[in-house]
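Inspection log for the structure reproduced underneath, given as structure tokens.
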Amino acid sequence: MKNRLEEIRKTRGISQEALASELEVSRQTIGSLENGRYNPSIVLAFKIARRFGMSIEDIFIYEEEK
Amino acid sequence: MLRKKSFYLTTLVLGFVLVVAGFLLKEMVVKSIAGVMFGVGAGLFGMSLANLYMKALEDKNPEIKRQNEIEAFDERNTAIRNRAKAKSADIIQWFIIVLGYLTILIDAALWVTLSTVVVFALYHVLSAHFTKRFQREM
């Protein structure tokens with residue numbers, strides 16, 4: 001699953017550390033999410049979406065497997 | 001550092017008691033039992049001391065405490081830990097089989113070989129138990 005987390009975070013001028021602290025996750029989790037190595041739980045996806053005032057679909061892009 | 005200070009104080013005392021008991025009883029009971037008491041006690045004592053030190057450090061620095069809690073509850077860390085545990089258990093089961101065959105090769109007592117078989121069977125029983133339980137829960 002792709003996501004626009006890094007782009008959105010940078011646009012808002014928030015560091016990975018600050019975002020991690022706000023969401024109460026580790027900085028490595030934010031890094032892994034941005035790299036697409038880790039897909040968040042639905043709870044964390046909601047937390048991220050709410051933090052940026054967006055919908056989950058605006059941040060996370062689900063693509064059907066071919 | 002998710003356990004309370006009282007837990008580590010209890011294990012510290014228990015570890016100390018075991019070390020002292022192991023030392024005092026080495027002449028009175030079977031030497032190997034005293035050795036086990038000494039080993040377990042020393043391990044428990046050391047672990048408790050290290051954790052109490054970490055607790056003291058956390059008390060002085062709330063930021064470290066918060067960070068440690070975040071690291072412990074972080075969903076990715078939890079997933080990684082669970083995956084690592086499952087993978088390790090999968091690998092260990094094959095070592096247990098090898099160990100079982102080794103005990104046959106070295107002509108070990110039957111109960112030793114049977115113990116490895118029991119441990120191997122226990123792994124599968126527990127695995128089936130938890131699969132069923134998690135199927136109910138999830």
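The structure displayed is predicted, hence computed values, not measured ones.
Interface remark: B:Glu71 contributes side-chain atoms only to the contact with chain A (heavy atom separation under 4.5 Å).
At a cut-off of 3.5 Å, with distance as the only test, a side-chain donor of B:Glu75 or A:Tyr38 sits close to an acceptor on the other residue. No hydrogens or angles considered: nothing links the side chains of A:Ser32 and A:Asn35 as a donor-acceptor pair under 3.5 Å. With hydrogens and angles left out, the side-chain atoms of A:Ser26 and A:Thr29 include a donor and acceptor closer than 3.5 Å. Looking only at atom types and distance, the side chain of A:Arg27 has no donor-acceptor partner in the side chain of A:Ser21 under 3.5 Å away.
Interface residues of residues 6-18 of chain A toward chain B, defined by a heavy-atom distance below 4.5 Å: none.
In this structure the side chain of B:Phe45 reaches within 4.5 angstrom of the side chain of B:Leu49, judged on heavy atoms.
Evaluation of the side chain to side chain donor-acceptor pair (under 3.5 Å) test over residues 104-113 of chain B, restricted to residues two or more places apart or in two chains, returns B:Thr103-B:Thr113.
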